[in-house]
Amino acid sequence: MPVLTLPDGSQRSFAQPVTVAEVAAAIGPGLAKSALAGRLDGRLVDTSHRIEADARLAIVTAKDAEGVEIIRHSTAHLLAHALKELMPEAQVTIGPVIDNGFYYDFACRPLTPEDLAAIEKRMGELAKKDFPVTREVWSRDQAVEFFKSIGERYKAELIEAIPAGEEVSLYREGDFIDLCRGPHVPSTGKLRHFKLMKVAGAYWRGDSRNEMLQRVYGTAWAKQEELDAYLHMLEEAEKRDHRKLGQQLGLFHFQEEAPGAVFWHPHGWRLFLDLIGYMRQRQEAAGYVEVNTPDVMDRALWEISGHWHNYRDHMFTTQTEDERVFALKPMNCPGGVALFKQGVKSYRDLPLRMAEFGKVHRYEPSGALHGLLRVRHFTQDDAHIFCTEEQMEEECRNVVALILDIYREFGFAQVRIKLSTRPEKRIGSDATWDKLEAALSNALDRMGMAYDRFPGEGAFYGPKLEFVLRDAIGRDWQCGTLQVDMNLPERFDIHYVAADNTHRRPVMLHRALFGSLERFAGILLEHYAGALPLWLAPVQAVVMNISAAQADYAETVAKKLREAGLRVDCDLRGEKINYKIREHSLLKRPYLVVVGDQEKAAGWVAVRSRDARDARGSPDLGQMSLAELIERLTLERAGKGVAV
RNA sequence: GCUGCUGUAGCUCAGUCGGUAGAGCAACUGAUUCGUAAUCAGUAGGUCGCCAGUUCGAUUCCGGCCAGCAGCACCA
């Protein structure tokens, strides 16, 4: 006689065991139709699940996040169903739900976009047939036997990994049957708003030593509008692609002779220099000194640091005539340590915060390269903080506070923190790792910061914090990092003289706030869709004349703006004003300053803003005095935001 | 690195079922001097990513390489 408690607190009792679907029907016909699954005492179950005892029950529909996940999961099965019908020789493997969609991996011949279209069409047909999706429970051995018998060896392998004697669930829709934990939608007719996105290779069990499978990605939603909105978001993201913007705005380029290396054009380099200048100022204020160390150093140094052992294959090396093997530095830390070793350091020198805008070189696998976001030669806003064990936690807190404040100034309000702990491949004792991991987690706890743990993901010499920021369209980017390290100090045998005149080992913090300057510049471009706020815009205003008669006045205006410290171009070409406005607007210049006879006579300027709108919603802000314009721009630049 | 796809003028792209290529924009020249997102006309511009092979003939077909794109793997 089950008594069921619904989410609103009301209770319903039934004379006999009931299914979730029957409960939904008892509540109302609308709910019966939209029910996708049930949440029974917190556990997701199919609508066909029979409830025998008292429980808390919620009917899951497409309005719930879980409902959408079930739709995605079931759509993955529908994909496998359709593909098996079209290609019976294909073998199925796994098909999980991911952000915004799902994928399914198959062992089959390489799929083409035409295949994808055909599969999608078949999925639509199968959905329309509204096959019931039914759950069956088999013994593990029976399931292994079955999948082997139909030639599904990947599936059989997966089930064999389940402990013997356990039962497994299978789901059947039409002629298709698949191993799955479930739950699934009650019938394929619930799957309506989906689209296959792309196909690509993926390794079996995610291991590059294994064979490559065909992975089909898809997206699925509860409503057509949501699917449309998602596709629209992807289009927007494409427009923000920093590689495209870099081309359009003339910021940088890449070419075949230098894979993974940036050719910075003047305007791009302006941004790069501004980022360094900003960081330099912030670091100086935070008590750092800046240094510079060699780019090419003897292999012996990298053997001491452990990089040679761990990353030799990813290092650029060079052999000179005298047979010495040098490496282009893949990290700045050994150089920093070498500087620390110069002279005798006292506890009074600590903490010693040593910053370096060092360019590092890493031979990244060719497939990893991606615009500015993943390059082989990049500049870190690196720093090494040498301190005592007692100072380490406070120094960590200082770094965290500095990072968060800087991200905020760049317009990133949402930042997530990841704590990565000791990896399998590491140097140093467990006792040391205990101390280091505690320093990071204590620092965060003391600051009341939330963070996620990633066991085994730390660097080989120490655990690390990683700072992940969320951009304007909700994408996450990993940027800053903070690592604590007692291992390199030991390997390089560095020490300081303590107050009691004994020699002690300092702790080393490695930190980078932007991470890679190149990457951060790329992220900024995507975040702002190329429309950099005034303080970062390579060209902040363009002065343009309407006709030749005002050329001299336009030059005077440009000169005065430059004297106020603004970066200003002057366009005196004999083109129509519409043409000039279009061109400079496409270049996303924040301000266009138009001067014609009226302005020249009155000594004024007409201002058009990229971001701001007047009361009528027009970007044309009308006439103002030059002093007013300078004040406006100076204020906006100091505020670091975008104009409104 | 792996799988698949792509590489034609400065940019965006069309084209050649094998007979050495075309548009728009940009550039250059001339005319136009114009009030808030493209004025008109003309000129010039390419060893069709690179190297081999098949062929009377390859940008097109085959193979190798390089680079890029998507995903996977990697990311000190």
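Below, chains carry the letters A, B, ... as their sequence lines are ordered, and counting in each starts from 1.
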Among [options], find the nucleotide with the atom closest to the side chain of [X].
| X | options | value |
| --- | --- | --- |
| Y203(A) | C2(B), A76(B), C74(B) | C2(B) |
| R374(A) | G35(B), C75(B), A27(B) | C75(B) |
| H307(A) | C74(B), A37(B), A76(B) | A76(B) |

Under 4.0 Å between a side-chain N or O of [X] and OP1 or OP2 of [N]?
| X | N | answer |
| --- | --- | --- |
| R243(A) | A70(B) | yes |
| S208(A) | C2(B) | no |
| Y579(A) | A26(B) | yes |
| K198(A) | A70(B) | no |
| H370(A) | A70(B) | yes |
| K464(A) | A76(B) | yes |
| N310(A) | A76(B) | no |

Can Y311(A) be said to stack with the base of A76(B), given centres closer than 5.5 angstrom and planes under 30 degrees apart?
->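 The ring of Y311(A) is stacked on A76(B).
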Counterpart base for [N], defined by Watson-Crick or G-U wobble contacts under 3.5 Å:
| N | result |
| --- | --- |
| U12(B) | A23(B) |
| A70(B) | U3(B) |
| G45(B) | none |

Over all strands shown, is [X] touching base, sugar-phosphate only, or nothing at heavy-atom distances under 4.0 angstrom?
| X | answer |
| --- | --- |
| R608(A) | base |
| G206(A) | sugar-phosphate |
| P259(A) | sugar-phosphate |
| R209(A) | nothing |
| K329(A) | nothing |
| E257(A) | nothing |

Would you find a donor on one side and an acceptor on the other, under 3.5 Å apart, between the side chain of K425(A) and the backbone of F460(A)?
->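 Checked: no pair found.
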Spell out, as yes or no, whether a donor-acceptor pair under 3.5 Å connects the side chain of R505(A) to the backbone of I494(A).
-> yes
Between [X] and [Y], does any side-chain donor sit less than 3.5 Å from a side-chain acceptor?
| X | Y | result |
| --- | --- | --- |
| D105(A) | Q214(A) | no |
| K580(A) | N545(A) | yes |
| T481(A) | Q483(A) | yes |

Partner of F252(A) by ring-ring contact (aromatic ring centres under 6.0 Å, His included), out of F263(A), W264(A), W269(A) =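 Among F263(A), W264(A), W269(A), the one meeting ring-ring contact (aromatic ring centres under 6.0 Å, His included) with F252(A) is W264(A).
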Pairwise C1' distance, A37(B) and G30(B) [rounded to whole Å] =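 Taking atom C1' in both G30(B) and A37(B), they lie 26 Å apart.
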Nearest-nucleotide 5' precedence on RNA chain B, Y461(A) against Y217(A) = Y217(A)
Rounded distance (Å) that lies between atom P of C75(B) and atom OH of Y363(A) | 16 Å
